[in-house]
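Keep in mind that what you see is a predicted model, and the values were worked out from it rather than measured. Atoms within each ligand, like the ligands themselves, are counted from 1 in listed order.
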Amino acid sequence: MLRLQQQPCSGAAAQQAQAVARLPTATRRHRLSVTAAASPTTGADNGRPTGPGAKKVLVVGGGWAGFGAVKHLAEQGYNVTLLDAAENPGGLSAGWRTPQGRAVEAGVKGFWYQYHNVFKMVKELGIPWPFTDFETSGFWGSDGKLITQAPVFSKQPRLPAILGQFVHTFNLFDNLPLANRATIIPWLYSAIDLGSTPGNYERYDKMTALEMFRSFGVTQRAYEQFLKPTLLVGLFAPPEELSAAVTIETLYFYALAHQSDFDVCWCKGSVSELIFAPLIERIKQQGGKIQGGRLVSGIETDAAGNVTALVARNTASGAEERYEADAVVFAISIAGMQRLVQANRALADRREFRDSTASRLASGLTAASPRNLHDEYKNEPGTVVAADFYGSTRLMPLTDEEIVRKVVSNMALCEPAFRDAKVVDSAVLRFPRAVTHFSPGSAQWRPTQATSFGNLFLAGDWVKGLQHGANGLSQERAYVSGLEAANLVVGRLGHGERADILPVEPDEPHIAAAKELNRSVKGALYAAGMRSPFL
Ligand SMILES: Cc1cc2nc3c(=O)[nH]c(=O)nc-3n(C[C@H](O)[C@H](O)[C@H](O)COP(=O)(O)OP(=O)(O)OC[C@H]3O[C@@H](n4cnc5c(N)ncnc54)[C@H](O)[C@@H]3O)c2cc1C
């Protein structure tokens with residue numbers, strides 16, 4: 001019997017996956033029900049103007065982004081309906097129960113320090129606090145050796161960024177010598193430089209993250225043992241396949257801008273049961289409707305170029321249903337958007353939608369059950385481990401048993417006792433081409449939230465130009481993009497208040513000053529016809 005935990009494996013260990021425990025392999029799964037089960041139409045008016053007089057809004061996609069949009073629009077009295085292809089929505093944060101009744105999720109979901117809007121929404125729900133405390137994290141190398149640990153930075157004396165992160169981890173690196181770590185320091189300039197001049201973002205975007213790290217002199221060891229696994233976890237792809245611009249944004253948001261940014265807590269159960277279920281209840285109380293099992297496949301427009309209706313297939317009956325709309329929010333992830341564009345001339349004729357089909361997609365794969373952090377498993381004998389493989393396209397053809405064996409053997413590298421572990425239960429979830437791959441040059445293909453249809457708006461963690469600061473493939477970014485899409489609807493239809501979106505903490509004064517200085521110096525150099533030797 002084994003008990004490993006309190007230090008959730010991330011970084012390299014998560015990339016090459018951890019091990020497992022519990023019962024026989026169970027591949028069949030039942031999606032956790034977060035809606036009122038039998039009837040997919042679950043709206044209720046509750047005195048809100050959701051009758052014929054209220055403007056009709058359709059939100060397509062029931063993940064964090066769609067929930068953000070439908071929640072705010074329901075609160076503002078719109079006649080709003082969310083349509084999702086899955087019977088029980090949740091998107092990439094959905095959950096399932098194995099035939100043995102154990103909860104599993106689409107990947108272990110961390111909630112970072114700067115997820116202010118998610119935390120605010122959960123507080124508003126008035127539910128028992130669903131998150132653990134902020135936890136320490138461990139990083140293991142591909143040789144199984146512990147490279148470093150990340151403390152809970154918010155419990156340490158606060159120092160200016162990035163000094164705080166450096167000082168508080170100084171003694172915690174076991175296997176990455178200071179000389180290697182120090183080579184990352186020059187690269188920090190890129191975080192100062194990213195938005196400094198017009199076109200600079202696009203120049204970084206065309207470069208791979210690997211090229212960027214090399215040009216700043218980061219050593220192979222620091223790259224392999226620290227940066228590469230961190231990026232695999234954060235952006236689902238290795239740095240040689242990632243846009244340097246998105247890499248900088250992501251690392252800045254999650255780790256660099258403030259000492260506490262890397263602090264992470266976890267949901268004490270599945271997001272689906274602990275957060276989405278009460279959120280859906282609240283949306284219904286506000287008059288919003290949630291309709292699962294509706295795959296949107298068609299779009300109707302009028303002569304003025306506005307969307308007038310959507311056509312959806314009822315996945316249970318196979319019947320086609322038509323939904324009229326005054327405004328529409330697509331919160332459907334790139335994969336869903338690509339399928340919709342291919343099937344609809346009205347979308348394929350528009351450049352921003354056509355361009356979005358050029359975006360690449362990465363795969364994720366999750367093995368085993370939620371960890372001991374989940375209340376449900378607190379008193380279980382043995383160890384419960386979740387293992388996420390990112391950028392896992394090559395693993396997709398493996399059988400579940402082969403994947404579980406791979407998890408155990410990788411885990412045994414980190415913790416030798418796992419060699420003798422007996423797997424008593426497991427579940428493997430696959431998400432082929434499910435997440436956005438921010439490949440070099442991808443910025444030009446990503447659409448903004450407003451589209452050339454006057455009343456059609458986009459939301460999701462992949463949209464461009466979201467003026468908020470939460471970056472990467474994050475639940476906070478997705479949720480905020482949904483609130484922002486709701487604000488665009490409010491602006492368009494002219495009814496109700498805008499959602500109040502909490503910003504991420506601003507740059508610390510010394511970082512803001514460094515950015516300003518860099519901007520001035522580069523402006524002067526450019527005016528004199530000179531260019532940076534780097535970009
Ligand atoms: C393995 C893994 C681990 C992750 N870990 C973390 C983490 O630790 N922390 C974190 O913050 N984020 C994490 N993420 C990222 C996070 O899950 C996503 O950023 C977020 O869930 C995206 O939400 P979304 O609403 O934009 O899209 P999605 O969740 O993808 O939702 C899109 C919805 O649209 C629906 N849809 C698509 N097409 C149609 C159609 N034609 N008609 C009707 N419905 C349609 C889908 O059914 C789906 O429900 C992880 C993701 C994965 C896969």
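Remark: Lys109 NZ to Ile275 CD1 distance equals 11.0 Å, nearest 0.5 Å.
Look at Trp64 and you'll find a heavy atom under 4.0 Å from some atom of ligand 1. Using a 4.0 Å heavy-atom cutoff, Ala331 is listed among the residues neighbouring ligand 1. Taking a 4.0 Å cut-off on heavy atoms, Arg294 registers as neighbouring ligand 1. Residue contact annotation: Ser93 has a non-hydrogen atom under 4.0 Å from ligand 1. The closest approach between any non-hydrogen atom of Trp112 and ligand 1 is below 4.0 Å. Contact annotation: Phe236 has at least one heavy atom less than 4.0 Å from an atom of ligand 1.
At a 4.0 Å heavy-atom cut-off, ligand 1 does not touch Phe67 at all. When heavy-atom distances to ligand 1 are checked against a 4.0 Å cut-off, Tyr115 comes that close only through its side chain, counted from C-beta outward.
Taking each of Val463, Asn88, Asp84 in turn, the one with a heavy atom nearest to atom 49 (O) of ligand 1 proves to be Asp84.
Counting atoms of ligand 1 from 1 in the listed order, those under 4.0 Å from a heavy atom of Gly336 are 38 (N). Which parts of ligand 1 touch Gly110 is read off a 4.0 Å heavy-atom cut-off, strictly below it: atoms 7 (C), 8 (O), 9 (N), 10 (C), 11 (O). Listed by atom number, the atoms of ligand 1 under 4.0 Å from Ser333 heavy atoms are 30 (O). The distance from ligand 1 to the heavy atoms of Gly61 drops below 4.0 Å at these ligand atoms: 33 (C), 34 (O), 35 (C).
Residue pairs meeting the side chain to side chain donor-acceptor pair (under 3.5 Å) criterion with at least one member in residues 326-345, sequence neighbours excluded, are Arg345-Asp349.
Geometrically, ligand 1 and Val296 share a nitrogen or oxygen pair separated by less than 3.5 Å. Polar contact with ligand 1: present for Leu92 (N/O pair, distance under 3.5 Å). Annotation: Gly460 places no N or O atom under 3.5 Å from an N or O atom of ligand 1; distance criterion only.
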Give the intermediate values and the outcome of salt bridge (charged side-chain N to carboxylate O under 4.0 Å, His left out) for residues Arg322 and Glu324.
CA-CA 7 Å; Arg322 187 170 172 279; Glu324 291 184 353; 3.1 Å; yes

